[in-house]
Amino acid sequence: MNILDTFQARHLFEDMTSPGLAKALDKPLTVYAGFDPTSDSLQAGNFVTIMALAHLQRAGHRVIALVGGATGLIGDPSGKSKERNLLSAEQVERNLVGIRENLSRFLDFSPDSANPAILVNNYDWFKDFTFIDLLRDVGRYFRMGVMLGKDSVKKRMESDDGMSFTEFCYQILQGYDFYHLYKTYGCALQIGGSDQWGNITAGTELVRRICGEEVYGMTFPLVCDSTGKKFGKSEGNAIFLDARKTSYYDFYQFFLRTLDADVIRYLKIFTFLPFERIAELEAAVMAAPEKREAQQVLAEELTRAVHGESGLAIARKATGVLFGGAIEGLAAAELEAIFANVPSATLSADQVLGKPAFEVVAAAGMAASKGEARRLVQQGGLYINNARVMGIERAFGASDLCEGRLAVLRGGKKSFFLLKVR
RNA sequence: GGUAGGGUACCGAAGUGGCCAAACGGGGCAGACUGUAAAUCUGCUGGCGAACGCCUUCCUUGGUUCGAAUCCAAGCCCUACCA
(Lines give C-alpha, C1' and ligand atoms only; values in the text may rest on other atoms or scores of the structure.)
Protein backbone atom coordinates (compact mmCIF):
# COMPACT_ATOMS: atom_id res chain seq x y z
CA MET A 1 0.00 0.00 0.00
CA ASN A 2 1.64 3.24 -1.02
CA ILE A 3 1.27 6.43 0.92
CA LEU A 4 -1.39 7.96 -1.29
CA ASP A 5 -3.54 4.85 -0.88
CA THR A 6 -3.08 5.17 2.85
CA PHE A 7 -4.18 8.78 2.69
CA GLN A 8 -7.20 7.82 0.62
CA ALA A 9 -8.17 5.03 2.99
CA ARG A 10 -7.79 7.28 6.02
CA HIS A 11 -9.81 10.19 4.65
CA LEU A 12 -6.65 12.23 4.41
CA PHE A 13 -6.82 12.90 0.70
CA GLU A 14 -8.89 15.47 -1.13
CA ASP A 15 -6.95 16.68 -4.12
CA MET A 16 -3.49 17.02 -5.63
CA THR A 17 -2.00 19.46 -8.08
CA SER A 18 -0.79 16.80 -10.49
CA PRO A 19 -1.12 13.03 -10.90
CA GLY A 20 2.66 12.99 -11.16
CA LEU A 21 2.75 13.19 -7.38
CA ALA A 22 1.99 9.47 -7.05
CA LYS A 23 5.19 8.58 -8.89
CA ALA A 24 7.21 11.28 -7.15
CA LEU A 25 6.28 9.75 -3.80
CA ASP A 26 7.95 6.49 -4.73
CA LYS A 27 11.22 8.13 -3.79
CA PRO A 28 11.79 9.99 -0.52
CA LEU A 29 10.53 13.54 -0.88
CA THR A 30 10.86 16.59 1.26
CA VAL A 31 7.41 17.73 2.34
CA TYR A 32 6.12 20.68 4.25
CA ALA A 33 2.98 21.87 5.96
CA GLY A 34 2.35 25.17 7.66
CA PHE A 35 1.00 25.95 11.11
CA ASP A 36 -0.43 29.21 12.30
CA PRO A 37 1.34 30.54 15.36
CA THR A 38 -1.88 32.04 16.71
CA SER A 39 -1.37 30.39 20.08
CA ASP A 40 1.43 28.84 22.10
CA SER A 41 -0.32 25.52 21.72
CA LEU A 42 -1.63 23.62 18.74
CA GLN A 43 -5.21 22.49 18.73
CA ALA A 44 -7.21 19.43 17.86
CA GLY A 45 -7.96 21.19 14.58
CA ASN A 46 -4.29 20.79 13.69
CA PHE A 47 -4.40 17.02 14.13
CA VAL A 48 -5.16 16.27 10.52
CA THR A 49 -2.09 18.11 9.30
CA ILE A 50 0.02 16.58 12.04
CA MET A 51 -1.15 13.06 11.23
CA ALA A 52 -0.55 13.55 7.54
CA LEU A 53 3.00 14.68 8.24
CA ALA A 54 3.52 11.81 10.67
CA HIS A 55 2.40 9.27 8.07
CA LEU A 56 4.81 10.80 5.57
CA GLN A 57 7.70 10.74 7.99
CA ARG A 58 6.99 7.11 8.86
CA ALA A 59 7.02 6.34 5.16
CA GLY A 60 10.54 7.70 4.94
CA HIS A 61 9.91 11.18 3.63
CA ARG A 62 11.60 14.18 5.14
CA VAL A 63 9.06 16.50 6.75
CA ILE A 64 9.28 20.18 7.48
CA ALA A 65 6.87 21.88 9.83
CA LEU A 66 6.68 25.53 8.93
CA VAL A 67 5.52 27.91 11.57
CA GLY A 68 4.12 31.04 10.04
CA GLY A 69 5.86 33.66 12.11
CA ALA A 70 5.70 36.12 9.22
CA THR A 71 2.44 35.06 7.68
CA GLY A 72 0.93 34.99 11.16
CA LEU A 73 1.70 38.69 11.27
CA ILE A 74 -0.46 39.11 8.19
CA GLY A 75 -3.35 36.72 8.68
CA ASP A 76 -4.55 34.09 6.24
CA PRO A 77 -7.91 35.08 4.79
CA SER A 78 -8.71 31.50 3.79
CA GLY A 79 -11.82 30.31 5.50
CA LYS A 80 -12.12 33.49 7.48
CA SER A 81 -14.97 35.84 6.91
CA LYS A 82 -13.32 38.71 8.72
CA GLU A 83 -9.95 40.30 9.05
CA ARG A 84 -7.98 38.70 11.82
CA ASN A 85 -6.21 40.26 14.72
CA LEU A 86 -2.54 40.63 14.05
CA LEU A 87 0.05 39.05 16.30
CA SER A 88 3.09 40.75 17.69
CA ALA A 89 6.51 39.40 16.77
CA GLU A 90 7.28 38.59 20.40
CA GLN A 91 4.05 36.68 20.74
CA VAL A 92 4.88 34.60 17.71
CA GLU A 93 8.31 33.86 19.14
CA ARG A 94 6.77 32.56 22.35
CA ASN A 95 4.19 30.51 20.50
CA LEU A 96 6.84 28.80 18.46
CA VAL A 97 8.30 27.10 21.50
CA GLY A 98 5.00 25.56 22.48
CA ILE A 99 4.19 24.44 18.98
CA ARG A 100 7.48 22.63 18.62
CA GLU A 101 6.79 20.81 21.86
CA ASN A 102 3.35 19.76 20.63
CA LEU A 103 4.65 18.55 17.30
CA SER A 104 7.38 16.51 18.92
CA ARG A 105 4.67 14.17 20.25
CA PHE A 106 3.96 13.05 16.71
CA LEU A 107 7.02 13.91 14.69
CA ASP A 108 10.56 12.83 15.37
CA PHE A 109 12.76 15.91 15.65
CA SER A 110 15.63 14.08 17.29
CA PRO A 111 18.89 15.01 15.54
CA ASP A 112 20.14 11.45 16.13
CA SER A 113 17.39 9.85 14.13
CA ALA A 114 17.88 8.81 10.54
CA ASN A 115 15.23 11.14 9.24
CA PRO A 116 14.60 14.00 11.64
CA ALA A 117 11.79 16.45 11.07
CA ILE A 118 12.69 20.08 10.61
CA LEU A 119 10.99 23.07 12.15
CA VAL A 120 11.30 26.38 10.35
CA ASN A 121 9.88 29.83 10.90
CA ASN A 122 9.16 31.86 7.82
CA TYR A 123 9.84 35.05 9.73
CA ASP A 124 13.50 34.12 9.41
CA TRP A 125 13.51 34.70 5.67
CA PHE A 126 10.90 37.44 5.54
CA LYS A 127 12.21 39.72 8.24
CA ASP A 128 14.86 41.29 6.03
CA PHE A 129 12.77 41.27 2.91
CA THR A 130 11.84 44.77 1.85
CA PHE A 131 8.70 45.76 0.10
CA ILE A 132 10.71 46.60 -2.99
CA ASP A 133 12.43 43.18 -2.92
CA LEU A 134 9.07 41.53 -2.74
CA LEU A 135 7.63 43.48 -5.65
CA ARG A 136 10.72 43.00 -7.84
CA ASP A 137 11.60 39.41 -7.07
CA VAL A 138 8.29 37.82 -6.30
CA GLY A 139 5.37 40.07 -7.17
CA ARG A 140 6.09 40.10 -10.87
CA TYR A 141 5.46 36.37 -11.09
CA PHE A 142 1.98 36.77 -9.75
CA ARG A 143 -0.80 37.53 -12.20
CA MET A 144 -3.71 39.66 -11.01
CA GLY A 145 -6.31 37.54 -12.73
CA VAL A 146 -5.15 34.43 -10.92
CA MET A 147 -4.87 36.18 -7.58
CA LEU A 148 -8.33 37.68 -7.84
CA GLY A 149 -9.72 34.33 -8.93
CA LYS A 150 -8.67 32.54 -5.75
CA ASP A 151 -11.60 31.28 -3.78
CA SER A 152 -10.36 32.87 -0.57
CA VAL A 153 -10.22 36.26 -2.29
CA LYS A 154 -13.50 35.95 -4.16
CA LYS A 155 -15.43 34.92 -1.09
CA ARG A 156 -14.07 37.82 0.87
CA MET A 157 -14.72 40.33 -1.89
CA GLU A 158 -18.32 39.18 -1.98
CA SER A 159 -18.73 39.49 1.77
CA ASP A 160 -19.86 42.71 3.39
CA ASP A 161 -16.53 43.16 5.12
CA GLY A 162 -14.38 43.14 2.04
CA MET A 163 -10.68 42.51 2.26
CA SER A 164 -7.59 44.53 3.02
CA PHE A 165 -4.51 44.69 0.81
CA THR A 166 -2.59 43.03 3.63
CA GLU A 167 -4.67 39.92 3.53
CA PHE A 168 -4.78 39.94 -0.24
CA CYS A 169 -0.99 39.65 -0.27
CA TYR A 170 -1.02 36.62 1.97
CA GLN A 171 -0.94 34.20 -0.94
CA ILE A 172 2.25 35.82 -2.21
CA LEU A 173 3.98 35.18 1.08
CA GLN A 174 2.83 31.59 1.36
CA GLY A 175 3.77 31.03 -2.25
CA TYR A 176 7.21 32.39 -1.54
CA ASP A 177 7.56 30.05 1.46
CA PHE A 178 7.27 27.08 -0.85
CA TYR A 179 9.82 28.57 -3.23
CA HIS A 180 12.22 29.25 -0.37
CA LEU A 181 11.90 25.72 0.99
CA TYR A 182 12.35 24.33 -2.49
CA LYS A 183 15.58 26.27 -2.93
CA THR A 184 16.84 25.59 0.58
CA TYR A 185 15.74 22.02 1.27
CA GLY A 186 14.63 20.75 -2.11
CA CYS A 187 11.11 20.63 -0.73
CA ALA A 188 8.85 19.30 -3.46
CA LEU A 189 5.47 18.89 -1.80
CA GLN A 190 3.24 21.04 0.31
CA ILE A 191 0.25 19.57 2.08
CA GLY A 192 -2.60 21.34 3.79
CA GLY A 193 -6.32 21.43 4.35
CA SER A 194 -8.53 21.92 1.34
CA ASP A 195 -8.92 25.59 2.30
CA GLN A 196 -5.22 25.94 1.56
CA TRP A 197 -5.59 24.98 -2.09
CA GLY A 198 -5.21 28.51 -3.38
CA ASN A 199 -2.16 29.21 -1.23
CA ILE A 200 -0.55 25.92 -2.16
CA THR A 201 -1.00 26.42 -5.89
CA ALA A 202 0.41 29.92 -5.50
CA GLY A 203 3.60 28.15 -4.38
CA THR A 204 3.70 25.44 -7.02
CA GLU A 205 3.19 28.04 -9.72
CA LEU A 206 5.83 30.35 -8.34
CA VAL A 207 8.41 27.56 -8.35
CA ARG A 208 7.44 26.61 -11.87
CA ARG A 209 7.73 30.19 -13.12
CA ILE A 210 11.02 30.96 -11.43
CA CYS A 211 12.75 27.58 -11.65
CA GLY A 212 10.83 25.80 -14.35
CA GLU A 213 10.50 22.80 -12.03
CA GLU A 214 7.37 20.95 -11.03
CA VAL A 215 6.61 20.75 -7.33
CA TYR A 216 3.44 19.30 -5.90
CA GLY A 217 0.58 20.15 -3.64
CA MET A 218 -1.83 17.87 -1.87
CA THR A 219 -4.82 18.69 0.24
CA PHE A 220 -6.88 16.75 2.71
CA PRO A 221 -10.51 17.38 3.55
CA LEU A 222 -11.47 19.69 6.37
CA VAL A 223 -12.80 17.46 9.08
CA CYS A 224 -16.35 18.12 10.15
CA ASP A 225 -18.55 16.06 12.37
CA SER A 226 -21.69 14.53 10.94
CA THR A 227 -23.74 17.56 11.97
CA GLY A 228 -21.49 19.73 9.82
CA LYS A 229 -19.57 21.39 12.62
CA LYS A 230 -15.90 21.92 12.17
CA PHE A 231 -13.90 19.40 14.14
CA GLY A 232 -11.84 20.48 17.11
CA LYS A 233 -14.06 22.78 19.11
CA SER A 234 -15.95 21.95 22.23
CA GLU A 235 -18.67 24.42 23.11
CA GLY A 236 -16.92 27.00 21.01
CA ASN A 237 -13.61 26.50 22.79
CA ALA A 238 -10.68 25.02 20.97
CA ILE A 239 -9.24 21.78 22.32
CA PHE A 240 -5.57 22.49 22.91
CA LEU A 241 -2.70 20.04 23.11
CA ASP A 242 -1.18 21.96 25.99
CA ALA A 243 -2.47 20.59 29.29
CA ARG A 244 -2.38 24.04 30.82
CA LYS A 245 -5.02 25.15 28.34
CA THR A 246 -7.07 21.99 28.03
CA SER A 247 -6.88 19.54 30.92
CA TYR A 248 -6.14 15.85 30.46
CA TYR A 249 -9.69 15.22 31.48
CA ASP A 250 -11.26 17.66 29.01
CA PHE A 251 -9.04 16.41 26.23
CA TYR A 252 -10.00 12.81 26.88
CA GLN A 253 -13.66 13.71 27.26
CA PHE A 254 -13.72 15.61 24.01
CA PHE A 255 -12.90 12.45 22.09
CA LEU A 256 -15.00 10.21 24.30
CA ARG A 257 -18.03 12.29 23.33
CA THR A 258 -17.52 11.71 19.61
CA LEU A 259 -20.74 10.85 17.81
CA ASP A 260 -21.28 7.26 16.71
CA ALA A 261 -21.53 8.47 13.14
CA ASP A 262 -18.07 10.02 13.29
CA VAL A 263 -16.00 7.78 15.48
CA ILE A 264 -14.85 5.25 12.88
CA ARG A 265 -13.79 7.98 10.48
CA TYR A 266 -11.93 9.72 13.30
CA LEU A 267 -10.11 6.53 14.21
CA LYS A 268 -8.85 6.31 10.66
CA ILE A 269 -7.80 9.93 10.55
CA PHE A 270 -6.40 10.50 14.01
CA THR A 271 -4.80 7.20 15.00
CA PHE A 272 -2.30 4.79 13.53
CA LEU A 273 -4.46 1.79 14.41
CA PRO A 274 -4.44 -0.86 11.68
CA PHE A 275 -7.54 -1.19 9.57
CA GLU A 276 -8.34 -4.65 10.99
CA ARG A 277 -8.57 -3.20 14.48
CA ILE A 278 -10.74 -0.34 13.24
CA ALA A 279 -13.04 -2.82 11.50
CA GLU A 280 -13.47 -4.66 14.80
CA LEU A 281 -14.40 -1.44 16.51
CA GLU A 282 -16.82 -0.60 13.76
CA ALA A 283 -18.57 -3.90 14.38
CA ALA A 284 -18.59 -3.13 18.10
CA VAL A 285 -20.29 0.22 17.51
CA MET A 286 -22.99 -1.47 15.44
CA ALA A 287 -23.56 -4.19 17.99
CA ALA A 288 -23.51 -2.14 21.18
CA PRO A 289 -23.33 1.60 20.57
CA GLU A 290 -24.12 2.38 24.19
CA LYS A 291 -20.79 0.89 25.28
CA ARG A 292 -18.92 3.50 23.20
CA GLU A 293 -16.00 1.17 22.87
CA ALA A 294 -14.70 2.88 19.74
CA GLN A 295 -14.95 6.27 21.41
CA GLN A 296 -12.95 4.99 24.34
CA VAL A 297 -10.22 3.67 22.08
CA LEU A 298 -10.12 6.95 20.18
CA ALA A 299 -9.88 8.97 23.39
CA GLU A 300 -7.23 6.67 24.82
CA GLU A 301 -5.07 6.65 21.73
CA LEU A 302 -5.02 10.41 21.39
CA THR A 303 -4.69 11.20 25.06
CA ARG A 304 -1.79 8.77 25.31
CA ALA A 305 -0.13 10.23 22.23
CA VAL A 306 -0.39 13.80 23.46
CA HIS A 307 -0.17 13.44 27.24
CA GLY A 308 1.49 10.08 27.77
CA GLU A 309 0.39 7.21 29.99
CA SER A 310 0.36 9.40 33.10
CA GLY A 311 -1.91 11.97 31.50
CA LEU A 312 -4.22 9.23 30.31
CA ALA A 313 -4.34 7.70 33.78
CA ILE A 314 -5.37 11.01 35.32
CA ALA A 315 -8.02 11.58 32.69
CA ARG A 316 -9.49 8.13 33.27
CA LYS A 317 -9.43 8.44 37.01
CA ALA A 318 -11.16 11.80 36.82
CA THR A 319 -13.74 10.31 34.48
CA GLY A 320 -14.39 7.47 36.90
CA VAL A 321 -14.87 9.80 39.82
CA LEU A 322 -16.92 12.38 38.00
CA PHE A 323 -19.31 9.95 36.45
CA GLY A 324 -19.32 7.45 39.28
CA GLY A 325 -20.56 10.11 41.65
CA ALA A 326 -18.49 8.92 44.64
CA ILE A 327 -16.87 12.12 45.77
CA GLU A 328 -17.48 11.69 49.51
CA GLY A 329 -14.89 8.98 50.04
CA LEU A 330 -12.01 10.94 48.62
CA ALA A 331 -9.36 12.90 50.43
CA ALA A 332 -8.86 16.56 49.62
CA ALA A 333 -5.43 15.87 48.17
CA GLU A 334 -6.93 13.30 45.81
CA LEU A 335 -9.60 15.71 44.69
CA GLU A 336 -6.98 18.33 44.01
CA ALA A 337 -5.03 15.93 41.84
CA ILE A 338 -8.06 14.86 39.85
CA PHE A 339 -9.31 18.40 39.40
CA ALA A 340 -5.90 19.93 38.90
CA ASN A 341 -6.85 21.29 35.51
CA VAL A 342 -10.48 22.06 36.16
CA PRO A 343 -11.29 25.75 36.57
CA SER A 344 -10.98 26.71 40.18
CA ALA A 345 -11.01 29.65 42.54
CA THR A 346 -9.95 30.28 46.09
CA LEU A 347 -12.26 32.17 48.40
CA SER A 348 -11.99 33.04 52.07
CA ALA A 349 -14.14 31.12 54.55
CA ASP A 350 -16.39 34.09 55.27
CA GLN A 351 -17.09 34.47 51.54
CA VAL A 352 -18.43 30.92 51.51
CA LEU A 353 -19.81 29.67 54.82
CA GLY A 354 -23.41 30.59 55.41
CA LYS A 355 -23.70 32.30 52.04
CA PRO A 356 -26.30 31.26 49.47
CA ALA A 357 -24.82 28.79 47.01
CA PHE A 358 -25.53 30.99 44.00
CA GLU A 359 -23.58 33.87 45.51
CA VAL A 360 -20.61 31.61 46.06
CA VAL A 361 -20.83 30.43 42.46
CA ALA A 362 -20.79 34.03 41.25
CA ALA A 363 -18.04 35.11 43.63
CA ALA A 364 -15.86 32.20 42.52
CA GLY A 365 -16.28 33.19 38.90
CA MET A 366 -17.97 29.96 37.90
CA ALA A 367 -20.82 32.09 36.57
CA ALA A 368 -20.34 35.44 34.87
CA SER A 369 -22.82 37.26 37.08
CA LYS A 370 -25.05 36.72 40.04
CA GLY A 371 -28.00 36.61 37.66
CA GLU A 372 -26.44 33.76 35.74
CA ALA A 373 -25.63 31.92 38.96
CA ARG A 374 -29.17 32.43 40.22
CA ARG A 375 -30.56 31.08 36.98
CA LEU A 376 -28.36 28.03 37.20
CA VAL A 377 -29.65 27.19 40.67
CA GLN A 378 -33.26 28.00 39.86
CA GLN A 379 -33.14 25.67 36.88
CA GLY A 380 -31.73 22.87 38.97
CA GLY A 381 -28.39 22.91 37.25
CA LEU A 382 -26.02 23.35 40.17
CA TYR A 383 -24.48 20.44 42.04
CA ILE A 384 -22.32 20.57 45.13
CA ASN A 385 -20.23 17.41 45.44
CA ASN A 386 -22.51 15.74 42.91
CA ALA A 387 -25.67 16.50 44.88
CA ARG A 388 -28.16 18.77 43.19
CA VAL A 389 -28.82 22.07 44.89
CA MET A 390 -32.51 22.41 45.60
CA GLY A 391 -33.82 25.91 46.08
CA ILE A 392 -32.26 29.32 45.67
CA GLU A 393 -31.84 29.81 49.40
CA ARG A 394 -29.60 26.76 49.84
CA ALA A 395 -26.60 27.99 51.81
CA PHE A 396 -23.07 26.72 51.89
CA GLY A 397 -22.15 24.95 55.13
CA ALA A 398 -19.07 23.45 56.68
CA SER A 399 -20.34 19.98 55.84
CA ASP A 400 -20.10 20.79 52.13
CA LEU A 401 -16.36 21.18 52.38
CA CYS A 402 -14.01 18.26 52.10
CA GLU A 403 -11.50 18.56 54.95
CA GLY A 404 -12.80 22.06 55.44
CA ARG A 405 -11.21 23.44 52.32
CA LEU A 406 -12.55 21.93 49.09
CA ALA A 407 -15.84 21.54 47.32
CA VAL A 408 -16.57 20.20 43.86
CA LEU A 409 -19.14 22.30 42.05
CA ARG A 410 -20.81 21.23 38.87
CA GLY A 411 -22.94 23.24 36.46
CA GLY A 412 -25.16 21.12 34.31
CA LYS A 413 -23.96 17.70 33.36
CA LYS A 414 -20.32 18.11 32.69
CA SER A 415 -18.93 21.47 33.66
CA PHE A 416 -16.89 21.06 36.83
CA PHE A 417 -15.41 23.69 39.09
CA LEU A 418 -13.19 23.28 42.10
CA LEU A 419 -13.87 25.64 44.99
CA LYS A 420 -10.99 26.12 47.41
CA VAL A 421 -11.45 27.77 50.77
CA ARG A 422 -8.70 29.26 52.82
C1' G B 1 -12.58 63.09 -3.50
C1' G B 2 -18.11 62.36 -5.12
C1' U B 3 -22.80 59.70 -4.55
C1' A B 4 -25.73 56.18 -2.08
C1' G B 5 -26.42 52.81 1.93
C1' G B 6 -25.09 51.36 6.76
C1' G B 7 -23.03 50.90 12.34
C1' U B 8 -28.81 47.84 17.50
C1' A B 9 -27.25 42.63 22.68
C1' C B 10 -22.56 36.76 21.53
C1' C B 11 -23.91 36.67 15.92
C1' G B 12 -27.60 37.85 12.12
C1' A B 13 -31.62 41.07 12.05
C1' A B 14 -36.42 44.08 13.29
C1' G B 15 -37.61 48.57 15.57
C1' U B 16 -37.54 55.20 12.92
C1' G B 17 -40.37 60.00 19.32
C1' G B 18 -43.30 57.31 24.90
C1' C B 19 -46.60 50.67 24.96
C1' C B 20 -38.21 49.32 24.46
C1' A B 21 -33.88 45.87 28.30
C1' A B 22 -35.41 46.36 22.77
C1' A B 23 -39.50 41.56 18.14
C1' C B 24 -37.64 37.29 15.47
C1' G B 25 -33.78 33.66 14.09
C1' G B 26 -29.12 31.42 15.25
C1' G B 27 -25.82 30.44 19.10
C1' G B 28 -25.22 29.62 24.34
C1' C B 29 -26.96 27.84 29.26
C1' A B 30 -30.30 24.68 32.14
C1' G B 31 -34.10 20.82 32.56
C1' A B 32 -36.80 16.20 30.71
C1' C B 33 -35.69 11.88 27.79
C1' U B 34 -30.98 9.01 26.95
C1' G B 35 -25.70 5.72 26.08
C1' U B 36 -21.58 11.26 29.78
C1' A B 37 -25.08 10.16 22.88
C1' A B 38 -27.95 11.90 18.55
C1' A B 39 -32.88 13.58 17.65
C1' U B 40 -36.92 15.81 20.21
C1' C B 41 -39.54 18.72 23.86
C1' U B 42 -39.51 22.77 27.83
C1' G B 43 -37.49 27.03 30.29
C1' C B 44 -33.75 30.84 30.50
C1' U B 45 -30.37 34.15 27.94
C1' G B 46 -27.79 43.11 30.05
C1' G B 47 -26.70 44.25 35.66
C1' C B 48 -28.69 44.32 40.82
C1' G B 49 -32.88 42.16 43.38
C1' A B 50 -36.95 36.76 46.68
C1' A B 51 -40.29 40.22 44.39
C1' C B 52 -43.07 45.33 42.91
C1' G B 53 -39.05 47.31 40.82
C1' C B 54 -34.46 49.95 40.18
C1' C B 55 -29.95 50.76 37.22
C1' U B 56 -26.73 50.81 32.64
C1' U B 57 -27.33 49.94 27.14
C1' C B 58 -28.81 50.56 20.53
C1' C B 59 -20.77 53.59 17.11
C1' U B 60 -18.83 58.50 19.78
C1' U B 61 -19.70 63.45 21.49
C1' G B 62 -22.94 67.33 21.86
C1' G B 63 -28.03 69.18 21.01
C1' U B 64 -33.70 69.36 20.42
C1' U B 65 -37.71 67.39 23.60
C1' C B 66 -41.63 66.54 29.46
C1' G B 67 -39.60 62.04 27.01
C1' A B 68 -34.52 59.69 22.09
C1' A B 69 -32.24 53.25 19.62
C1' U B 70 -35.63 56.50 16.89
C1' C B 71 -35.11 63.75 15.37
C1' C B 72 -30.71 67.44 14.59
C1' A B 73 -25.18 68.59 14.39
C1' A B 74 -20.22 67.16 14.32
C1' G B 75 -16.89 63.17 14.39
C1' C B 76 -15.16 58.02 13.83
C1' C B 77 -15.76 53.43 11.22
C1' C B 78 -17.78 50.01 7.34
C1' U B 79 -19.94 48.74 2.35
C1' A B 80 -21.18 49.57 -2.86
C1' C B 81 -20.75 52.37 -7.22
C1' C B 82 -18.16 56.42 -9.51
C1' A B 83 -13.45 59.34 -9.74
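Reminder, nothing fancy here: chain letters follow the sequence lines and each chain counts from 1. Since this is a predicted model, take the numbers as computed values, not measurements.
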Can you check the distance between B:rG7 and B:rU16, where both ends of the measurement are the C1' atom (answer in whole Å)? 15 Å
Cation-pi check, A:Arg410 onto A:Phe417 ring (under 6.0 Å, within 45° of axis): no
Mind checking the C1' distance from B:rA21 to B:rG53? Whole angstroms is fine. 14 Å
Write down the distance separating the P atoms in B:rG17 and B:rA68, rounded off to the nearest Å. 14 Å
Would you say the rings of A:Phe272 and A:His55 are close, in the sense that their centroids are separated by under 6.0 Å? yes
Does any non-hydrogen side-chain atom of A:Ser344 lie less than 4.5 Å from one of A:Phe339? no
If the cut-off is 4.0 Å, is A:Arg257 near the phosphate of B:rU34, judged by side-chain N/O to OP1 or OP2? no
For atom P, what is the distance between B:rA74 and B:rA83, given to the nearest Å? 28 Å
Suppose we call two aromatic rings close when their centres sit under 6.0 Å apart. Are A:Phe47 and A:Phe231 close by that rule? no
Sugar-phosphate only, base, or nothing, as touched by A:Arg410 at under 4.0 Å among non-hydrogen atoms: nothing
For B:rA37, take OP1 and OP2 only and decide whether either is under 4.0 Å from a side-chain N or O of A:Arg292. no
Interatomic distance, A:Phe255 CZ vs B:rU36 C1' [rounded to whole Å]: 16 Å
Pick the closest RNA chain B nucleotide for A:Ile392 and for A:Leu382 by heavy atoms, then say which residue is nearer the 5' end. A:Leu382
Ignoring hydrogens and angles, does a donor from either the side chain of A:Gln253 or the base of B:rU36 sit under 3.5 Å from an acceptor on the other? yes
Could you identify the nucleotide paired to B:rU56, looking across every strand shown and requiring Watson-Crick or G-U wobble geometry with both distances under 3.5 Å? none
Separation between the P atoms of B:rU8 and B:rU79, rounded to whole Å: 14 Å
Quick check, are the ring centers of A:Tyr249 and A:Tyr252 under 6.0 angstrom apart? no
Under a 3.5 Å limit for both distances, which nucleotide forms a Watson-Crick or G-U wobble pair with B:rG1, could you say? B:rC82
Any strand, both distances under 3.5 Å, Watson-Crick or G-U wobble: B:rC71 pairs with B:rG63
Under the side chain to side chain contact (heavy atoms under 4.5 Å, CB included) rule, what do A:Tyr179 and A:Ile210 come out as? Steps first, then yes or no, please. CA-CA 9 Å; A:Tyr179 168 75; A:Ile210 299 182; 3.7 Å; yes
Please check the phosphate of B:rG46 (OP1 and OP2 only) for any side-chain N or O of A:Arg375 closer than 4.0 Å. no
Counting the atoms with a prime plus P, OP1 and OP2 as sugar-phosphate, which does A:Lys370 contact under 4.0 Å by heavy atoms, base, sugar-phosphate, or nothing? sugar-phosphate
B:rG31 and B:rA37: how far apart are their P atoms, nearest whole angstrom? 11 Å
Roughly how many Å apart are B:rC10 and B:rA32, using the C1' atom of each and rounding to a whole number? 27 Å
Using the C1' atom as the point on both nucleotides, what is the distance between B:rC66 and B:rC52, in whole Å? 25 Å
Look at the side-chain N and O atoms of A:Tyr249 and state whether any lies under 4.0 Å from the OP1 or OP2 oxygen of B:rU36. no
How close or far is atom P of B:rA50 from atom CZ of A:Arg394, stated in whole angstroms? 18 Å
Any donor-acceptor pair under 3.5 Å joining the side chain of A:Gln379 to the base of B:rG31? no
Closer than 4.0 Å, any side-chain N/O of A:Ser369 to the OP1 or OP2 of B:rC48? yes
